[in-house]
Amino acid sequence: MNRTRVGIIGGGPGGLMTAHLLQKEKGVGFEATVFEAGPRLGGKVLTRQFATAPISYEAGAAELYDYSQLGPDPLRELIAELGLGTAPMWGEAVVLGERVIETYADIRRAFGNQALRELKRFDARAWNAISPAEYYESDWKQDNADVLSRTSFQALLDTIKDERAREYVRVCVHSDLATEPHRTSAMYGLQNYLMNEPEYMRLYTIEGGIERLVQELARRTTAEIKLGHTVTRVERLPAGYAVTTRHNGVVTRAEFDYVVAALPNNWLPAIDWGAPALSRAVLKHHKHYDHPAHYLRVSALFDAPFWRDRISGSYFMIDAFGGTCVYDESARTPAGAYGVLGWLLGGEPAATMSNLPDEQLVAAVLDTFPQCLGDARAHFLEGRVHRWVGAVNGLPGGFPMQPPEVRHRPEPVGHPGLFVVGDYLFDSTLNGVLDSAELVVDMISAQVRRAVVSS
Ligand SMILES: Cc1cc2nc3c(=O)[nH]c(=O)nc-3n(C[C@H](O)[C@H](O)[C@H](O)COP(=O)(O)OP(=O)(O)OC[C@H]3O[C@@H](n4cnc5c(N)ncnc54)[C@H](O)[C@@H]3O)c2cc1C
């Protein structure tokens, strides 16, 4: 049987998921090659250890989203298929102005009745605007006419009359958005706010670290993996596509029937797309999704989990750096007597501070750690920094949102065999990149079957 050759650009989760799904496709024989520019697979899924002690922390993606109570959940199913164990994650606390807020009663005690009224009003508006079922479907449908898609999240925040209630909501979502509220839609802001409600979704992690997901995909793949191969050019041939790569200074060209670019949007323009029509189409695609958002991770090892008797959960929010999620990494992975915290700075502070040296960044998180949770400096042993500037998307799906099939083919007329896979086409998460890979594999398989029938 003639096998269908697929060249996959990018060995992150998107590329590996695409290869995995092609391998599982029945009735069509695919032969995939994954080109990865870096020396490792996994992209922004990165589980690391400290030097002082072999204690793990997540340096990239840190939580997974469970929608299984609302319908099929492909990521949960994939993780189960790969035989990986999972553990729930939870967090309710927000530290505002040295006060730990966990309940409505805490809001009233700390900030008064007006703040509580305004927060309850906002919560009711959020629940009314997006039901759990709508939330589950939201990445697949185009809700361009909805006023929430057309206004900024900042405009929605401005409707909260009480400053402390407004600050509470902002702090809750700032890390998840990875951008500032005026740079994203009210819809995306609300979706991220509702993530904290168990009726909408639940959070979990993979035992042994989230990188086990990509390691397990890599271990099982039959695709040819080419590490250290940067794709520099893609061009159309009379039948199929040529992919040019650079590896240790050596330039090589390989031919494929289909090409899948499994890259973050900001890396697409770095490739030479050959024909003017395709170059224009890829640049147009890039512009549509060009909402770069930023992360900066600072992880710190402590001699003890000194915060545990004052705050609980797998994570909590603090008001430093415009609102930051702090993960109790030692709650997810056993750390003996040690404690590990991971700060996920997002948005503008993440972008501007990423120019600072590691020591200054570690000092900045220790110095702004809420004193009501304990003395971080007194327990500090080692700090690690990972910079992710422009690495995520602040308005996934873009605006106006296009039908899912349209999102995945920049130039369907002249280049029907060239696809993109990315979390930026859905929701900036691993769930989204898997949805994207599934759709593209379905589209390629359908094309191959149609070609077989008509030949
Ligand atoms: C700090 C941080 C926290 C996050 N937290 C979460 C979370 O909690 N939950 C969640 O679900 N998601 C989270 N995400 C998002 C998640 O990491 C992404 O959804 C996921 O990594 C997207 O996978 P990808 O394969 O599309 O891109 P990437 O992971 O970026 O992988 C792309 C790969 O392509 C390679 N590449 C680039 N250019 C070329 C080229 N020209 N040739 C060959 N290879 C190339 C890169 O080296 C990279 O390995 C987070 C991201 C960051 C940065």
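Only heavy atoms go into these numbers, but all of them, side chains included; no hydrogens, no water, no symmetry mates. This one's a predicted model, so the numbers in the text were calculated from it and none came from an experiment. Just so you know, ligand 1 is whichever comes first in the structure, and atom 1 is the first atom listed for that ligand.
- Here Phe369 and Phe306 bring their ring centres to under 6.0 angstrom of each other.
- Not a single heavy atom of Tyr424 sits less than 4.0 Å from an atom of ligand 1.
- Of the options Phe35, Trp267, Tyr295, the smallest heavy-atom separation from atom 2 (C) of ligand 1 is shown by Tyr295.
- Contact annotation: for Val421 versus ligand 1, there are no heavy atoms closer than 4.0 Å.
- In the vicinity of Gly43, heavy-atom distances shorter than 4.0 Å reach the ligand 1 atoms 29 (O), 31 (O), 48 (C), 49 (O).
- The closest non-hydrogen atom to atom 21 (O) of ligand 1, taken over Arg297, Lys44, Lys226, comes from Lys44.
- The atoms of ligand 1 that sit less than 4.0 Å from any heavy atom of Leu344 are 1 (C).
- Aromatic pair Phe50/Tyr338: ring centres not closer than 6.0 Å.
- Counting only non-hydrogen atoms, the option in Asp427, Leu41, Asp423 that gets closest to atom 19 (O) of ligand 1 is Asp423.
- Under 4.0 Å from ligand 1, the heavy atoms of His229 that appear belong solely to its backbone.
- Interface atoms of ligand 1 facing Ala62, defined by a heavy-atom separation under 4.0 Å, are 5 (N), 6 (C), 7 (C), 8 (O).
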- Would you check, one step at a time, whether the test side-chain hydrogen bond (donor to acceptor under 3.5 Å, both in side chains) holds for Tyr188 with His291? CA-CA 13 Å; Tyr188 190 54; His291 302 281; over 6 Å; no
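- Residue Pro264 places a heavy atom under 4.0 Å from ligand 1.
- A cation-pi geometry, defined here as NZ or CZ lying under 6.0 Å from the six-membered ring centre and within 45° of its normal, holds between Arg407 and Phe426.
- Environment of CZ in Arg409: crowded, with over 12 heavy atoms of neighbouring residues, nucleotides or ligands closer than 6.0 Å.
- Only the backbone of Ser428 comes within contact range of ligand 1, with a heavy atom under 4.0 Å; no side-chain atom does.
- Annotation for ligand 1: atoms under 4.0 Å from non-hydrogen atoms of Val392 are 51 (C).
- Scanning all protein heavy atoms for the shortest distance to atom 39 (C) of ligand 1 gives Leu263 CD2, 3.7 Å.
- Minimum heavy-atom separation, Ala129 to Glu134: O-OE1, 3.6 Å.
- Distance from atom 23 (O) of ligand 1 to its nearest protein heavy atom, with residue and atom name: Pro13 CD, 3.4 Å.
- A side-chain donor from one of Asp123 and Tyr193 sits under 3.5 Å from a side-chain acceptor of the other.
- Taking the six-membered ring for Trp and thresholds of 30 and 60 degrees, His415 and Tyr241 have ring planes inclined between 30 and 60 degrees apart.
- With respect to atom 3 (C) of ligand 1, the closest heavy atom belonging to the protein is Gly60 O, 3.3 Å.
- Residue-level proximity to ligand 1 for Thr245 is absent, since no heavy atom of it falls below 4.0 angstrom.
- Heavy atoms of Glu58 come nearer than 4.0 angstrom to ligand 1 in no pair at all.
- Using a 4.0 Å cutoff on heavy atoms, Thr232 does not count as a contact of ligand 1.
- Close approach of ligand 1 to Thr230 is summarised as follows: ligand atoms under 4.0 Å from at least one heavy atom of the residue are 41 (N), 42 (N).
- With a 4.0 Å cut-off on non-hydrogen atoms, Val433 touches ligand 1 through its side chain and not its backbone.
- Of the protein's non-hydrogen atoms, Gly10 CA, 3.4 Å is the one closest to atom 34 (O) of ligand 1.
- The environment of Arg76 atom CZ is dense: over 12 non-hydrogen atoms of other residues, nucleotides or ligands sit within 6.0 angstrom.
- Judged by the 6.0 Å distance and 45° axis criteria, Arg3 is not positioned over the aromatic ring of Phe30.
- Proximity to Gly14 (heavy-atom distance under 4.0 Å) selects the following atoms of ligand 1: 23 (O), 24 (P), 25 (O).
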